Amino acid sequence: MSKNDFQQVSVRDAILTIEETDSGLDIQHPQNKKLSDISDELIDVLESKDKNLQKDEIELSAFEKPKDRCKFFEFLTEGVEGFRCKDVTDTYVFNPSKKITSGQKNEVHITSASLKGTGVNLSDELKNLHEQGFYTWRVIWKAVKENRDSSDLYEFEVQFSEPEECKDFSFIVKGSYKRKDDGIVGEVSGHNVNRTPISLIEENQINKLINKSAWSAIEKLFAACATEGDENDDTEKQVVSA
């Protein structure tokens, strides 16, 4: 490798979008530090002009229980409007405080693990990890469009770049697997093995749907936790009255 190989600089374009919605301004951009800094500077400018401005981010720091953080991904993957989840193929879990003792002197500290395959979200291995205090922070799943037998198979990914606190949420449409047609009208023989990119227009449309599902998942999680809290209060009252 020559010296010039190290001196080459790759210039890439990136787009930061600002969209006015019913709930306020929605700012989205690719996940990299430069754009994150620009986004923060932009928000600082907006806050200086409007002291009542409130910054909302998709994060799970308010939910400390592993099962609640895992539930967020269940709500999200099942809630993308117009799509039906077919399979969760990759699940990444994290537990910064987990310690597994091996032998009398040596300690093995396992903080993260990943499962890949078919239906990993339903596997006993993932269930065991969750029971040990590991929580999901990143998933990849495949989905088809609802009510369309001829739908391509789409692949999505969502994650928190800071898994320990579940912050810096990001998502991406990885592409789609084209439907294979066996020549018979109405009959589908499966999907291609190779994934292909989708159009920019469709990608932007799906990005909005994933973002909407993520916010909806947060709302459902708050509601579920509130309901659970009410049930616990009722149980405590029954115990006291008994």
Side-chain angles (χ1 to χ4, degrees), residues 21 23-24 26-28 31 36 54-81 83-100 109-143 155-172 207-239:
T21 67
S23 57
D26 181 42
I27 302 176
Q28 294 191 29
Q31 186 74 2
S36 294
Q54 181 178 348
K55 179 182 177 181
D56 292 326
E57 293 181 301
I58 296 175
E59 59 178 55
L60 301 181
S61 56
F63 305 96
E64 297 182 353
K65 296 180 180 179
K67 68 173 184 178
D68 292 336
R69 294 185 174 186
C70 299
K71 201 70 178 176
F72 166 80
F73 288 94
E74 293 180 25
F75 288 143
L76 195 162
T77 56
E78 296 289 345
V80 180
E81 185 179 338
F83 285 86
R84 176 168 53 87
C85 179
K86 290 283 290 185
D87 186 24
V88 177
T89 59
D90 300 71
T91 299
Y92 297 77
V93 295
F94 190 80
N95 185 350
S97 61
K98 183 62 183 174
K99 297 180 181 180
I100 298 180
H109 299 261
I110 299 177
T111 59
S112 63
S114 63
L115 297 176
K116 300 176 183 291
T118 302
V120 295
N121 60 316
L122 304 175
S123 66
D124 291 336
E125 289 83 356
L126 183 60
K127 181 180 179 181
N128 290 335
L129 287 170
H130 286 168
E131 290 175 349
Q132 294 179 54
F134 285 83
Y135 55 83
T136 302
W137 65 275
R138 176 186 176 191
V139 298
I140 299 175
W141 78 102
K142 295 177 180 178
E155 189 170 60
F156 309 136
E157 177 179 351
V158 296
Q159 69 168 357
F160 289 96
S161 297
E162 294 185 12
E164 185 166 356
E165 297 183 0
C166 283
K167 292 184 177 181
D168 284 350
F169 179 73
S170 64
F171 52 85
I172 184 173
N207 280 339
K208 291 181 180 180
L209 296 175
I210 295 176
N211 186 55
K212 181 180 179 181
S213 182
W215 281 110
S216 176
I218 290 289
E219 294 176 359
K220 291 178 181 177
L221 195 52
F222 271 114
C225 291
T227 301
E228 182 180 333
D230 292 340
E231 291 177 351
N232 289 338
D233 289 342
D234 291 340
T235 300
E236 290 177 2
K237 291 177 182 177
Q238 292 174 5
V239 171

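Just so it is clear, the structure is predicted and the values come from calculations on it, not from any experiment. Note that the numbering runs from 1 along the sequence shown for the chain.
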Review point. Among all residues two or more places apart in sequence or in another chain, which pass the side chain to side chain donor-acceptor pair (under 3.5 Å) test with T136?
Key: H130

**Study point:** Pairing residues for Y135 by the ring pair (Phe, Tyr, Trp, His ring centres under 6.0 Å) criterion, not counting sequence neighbours
**Key:** none

Practice item. Return the minimal non-hydrogen interatomic distance between F169 and I58, and the atom names on each side. Key: CB-O, 3.4 Å

Exercise for review: Applying ring pair (Phe, Tyr, Trp, His ring centres under 6.0 Å), name anything that partners F75, two or more places apart in sequence or on another chain.
Suggested key: none

Practice item. Kindly compute the distance separating CG (D87) from CD1 (I140), expressed to the nearest 0.5 Å. Key: 11.5 Å

Point to revise | W137 and Q159, any side-chain heavy atoms less than 4.5 Å apart | key: yes

Let me check something: any side-chain donor-acceptor pairs from residues 213-223 under 3.5 Å, sequence neighbours excluded? List them with distances.
| from | atom 1 | to | atom 2 | distance (Å) |
| --- | --- | --- | --- | --- |
| S213 | OG | L76 | O | 2.8 |
| S213 | OG | G79 | O | 3.4 |

Exercise for review: Of all the heavy-atom pairs spanning E155 and T89, show the shortest one and how long it is.
Suggested key: OE2-OG1, 4.4 Å

Exercise for review: Mind checking side chain to side chain donor-acceptor pair (under 3.5 Å) for E165 and listing every partner two or more places apart, or none if nothing turns up?
Suggested key: K167

Review point. What's the spacing between L60 CG and F73 CZ if we round to 0.5 Å?
Key: 6.5 Å

Check your understanding: Does the side chain of F94 reach to within under 4.5 Å of the side chain of E164, using non-hydrogen atoms?
Key -> yes

**Study point:** Distance in Å, R138 CZ paired with S161 OG, rounded so as to fall on 0.5 Å steps
**Key:** 9.5 Å

**Study point:** Partner set under side-chain contact (heavy atoms from CB on, under 4.5 Å) for A62, not counting sequence neighbours
**Key:** none

**Study point:** Atom pair CG (L209) and CZ (F171), whose distance is rounded to the nearest 0.5 Å
**Key:** 10.0 Å

Revision key, fill the gap. Nearest heavy-atom contact between C85 and A143 is CA-CB, 4.0 Å

Check your understanding: Below 4.5 Å, heavy atoms only, C-beta onward: do N95 and V93 meet side chain to side chain?
Key -> no

Review point. Under the salt bridge (charged side-chain N to carboxylate O under 4.0 Å, His left out) rule, what pairs show up with a residue in residues 68-78, not counting sequence neighbours?
Key: K71-E74

Review point. Can you list the residues that meet the side-chain contact (heavy atoms from CB on, under 4.5 Å) rule with L115, with sequence neighbours excluded?
Key: V120, S123, E125, L126, L129

Revision key, fill the gap. Rounding to 0.5 Å, atoms OG (S61) and CD (E162) come to a distance of 10.0 Å

Exercise for review: Could you tell me whether a side-chain N or O of D90 sits under 3.5 Å from a main-chain N or O of K116, the two making a donor and an acceptor?
Suggested key: no

Check your understanding: Which residues pass the side chain to side chain donor-acceptor pair (under 3.5 Å) test with E81, sequence neighbours left out?
Key -> K212

Review point. Is the number of heavy atoms from other residues, nucleotides or ligands within 6.0 Å of CD (E131) greater than 12?
Key: yes

**Study point:** Close side-chain approach of V80 to W141, heavy-atom, < 4.5 Å
**Key:** yes

Point to revise | F72 side chain near V158 side chain, heavy-atom distance below 4.5 Å | key: no

Check your understanding: So, the side chain of N211 versus the backbone of N207: is there a donor-acceptor pair under 3.5 Å, distance only?
Key -> no

**Study point:** Qualifying residues under side chain to side chain donor-acceptor pair (under 3.5 Å), relative to K127, sequence neighbours excluded
**Key:** none

